[in-house]
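Have a look at the structure below, then the notes.
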Amino acid sequence: MRPDDEFFLTFATRTPGARVLDLGCGTGRLSLAISGKGCSVVGIDPDLPSLAAARAQPHADHVSWVAGDSRALETTERFDAAIMTSNVVQEILDDTELARSFADIAAHLVGGGRLAFDARDPRARGWEAWTKARSSKVVHLPDGDSQHWYQTTRVDEQTGMVDFSSHEVTVDGVEHISRGPIRFRSEDQLRAMVAGAGLAIDDVWGGFRGEAVGDGVGSLVFTAHRP
Ligand SMILES: C[S@@+](CC[C@H](N)C(=O)[O-])C[C@H]1O[C@@H](n2cnc3c(N)ncnc32)[C@H](O)[C@@H]1O
């Protein structure tokens, strides 16, 4: 299992039978793994094709899948733990929207309930490695190999906005390209937003094995709790 998945799975399942929110669940890889450990999981994502893929997975009926963002949470719903994994916060481009997402999470955590999320650290300048030459990798699938790479197309270091394209050449030679801006925020910016939502920050690491910021994998890994 990937170190980040292992970290979030351990974090979310620390309390047996925990109620867990997976905000920005994508195709549900972690929601399903957490549910498989006996937790009750709500997976929320605004991307309908991702949710459809999640719903098609084995044991998908053990998870509550919700289309939307944090505003889709039921008023009375409460969680022991919440996660936002694989840099979900970077896909939320607008600061007001990210602040609202953190506030919604805080409002739906029980006292002592915990949040964990990751974001790429802008100090690691990861976008510089997103070229075909430096980021190409081959994925071995049952039908044959496919090739993947990233290409940065625009960087605005003032705002942290980075445009990039993601390329996949499938076994039949067809190239699929998706594009999307993401936003890099500094550790201080993220600390201020989490604290502004009324959450107490427990740790900020640079990787998923407790590394200091700057010594890990170029990430900022936050854990916080509702006092
Ligand atoms: C890189 S994917 C990560 C998916 C999943 N968490 C994982 O670990 O594979 C980022 C996800 O964030 C979702 N997302 C974008 N904006 C969001 C928002 N405002 N609230 C919740 N999720 C959002 C996207 O639809 C996408 O599925």
Side-chain angles (χ1 to χ4, degrees), residues 1-13 20-37 39 41-57 60 63-74 77 79 81-109 115-121 126-127 130 135 139 148 150 152 160-168 176-185 190 193-194 197 207-208 217-223:
M1 184 178 271
R2 292 163 30 175
D4 54 342
D5 281 2
E6 203 172 313
F7 170 83
F8 287 114
L9 181 61
T10 303
F11 178 88
T13 58
V20 178
L21 168 64
D22 184 3
L23 184 61
C25 63
T27 54
R29 185 183 70 260
L30 270 162
S31 300
L32 288 161
I34 294 163
S35 145
K37 297 276 183 192
C39 296
V41 184
V42 175
I44 301 186
D45 203 288
D47 186 59
L48 299 183
S50 293
L51 267 194
R55 286 192 172 107
Q57 305 233 32
V63 173
S64 299
W65 306 106
V66 179
D69 57 28
S70 61
R71 289 170 295 186
L73 284 164
E74 302 274 345
E77 222 160 13
F79 299 96
I83 54 172
M84 298 170 86
T85 70
S86 299
N87 311 303
V88 169
V89 301
Q90 290 194 257
E91 294 208 10
I92 304 178
L93 304 180
D94 181 58
D95 279 343
T96 309
E97 192 182 340
L98 182 57
R100 193 202 59 230
S101 304
F102 285 141
D104 287 340
I105 289 171
H108 287 81
L109 283 175
L115 166 69
F117 69 89
D118 59 342
R120 299 178 190 87
D121 186 347
W127 59 80
W130 295 344
S135 69
V139 176
H148 298 248
Y150 297 103
T152 301
M161 296 290 282
V162 171
D163 285 334
F164 72 103
S165 49
S166 169
H167 301 252
E168 178 187 7
H176 302 269
I177 305 176
S178 57
R179 294 187 168 78
I182 54 172
R183 186 158 183 196
F184 285 72
R185 297 179 179 89
L190 289 169
M193 293 174 95
V194 173
F208 298 95
V217 292
S219 288
L220 298 166
V221 183
F222 275 73
T223 59

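One-based numbering, in listed order, for ligands and for the atoms of each. Numbers here simply count residues along the sequence, with the first being 1.
- For an aromatic pair to be called close, the ring centres must be under 6.0 Å apart, and Phe222 with Phe102 fails this.
- Proximity of a side-chain donor or acceptor of Asp45 to a complementary backbone N or O of Gly26 within less than 3.5 Å is detected.
- The side chain to side chain contact (heavy atoms under 4.5 Å, CB included) search around Ile177 returns Ser165, His167, Glu175, Arg179, not counting sequence neighbours.
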Contact table, ligand 1 N/O with protein N/O, distance under 3.5 Å:
unit_1, atom_1, unit_2, atom_2, d
ligand 1, 6 (N), Gly24, O, 2.6
ligand 1, 6 (N), Thr85, O, 3.1
ligand 1, 6 (N), Thr85, OG1, 2.9
ligand 1, 8 (O), Arg29, NH2, 3.1
ligand 1, 8 (O), Thr85, OG1, 2.6
ligand 1, 8 (O), Ser86, OG, 2.9
ligand 1, 9 (O), Arg29, NH1, 2.9
ligand 1, 19 (N), Glu97, OE2, 3.0
ligand 1, 25 (O), Asp45, OD1, 2.6
ligand 1, 27 (O), Asp45, OD1, 3.3
ligand 1, 27 (O), Asp45, OD2, 2.7

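- The aromatic rings of Trp127 and Phe184 stand perpendicular to each other, their planes meeting at an angle above 60°, with 30° marking the opposite boundary.
- Residues passing the side chain to side chain contact (heavy atoms under 4.5 Å, CB included) test with Glu91 are Ile182, sequence neighbours excluded.
- Residues passing the side chain to side chain contact (heavy atoms under 4.5 Å, CB included) test with Pro46: none are found, sequence neighbours excluded.
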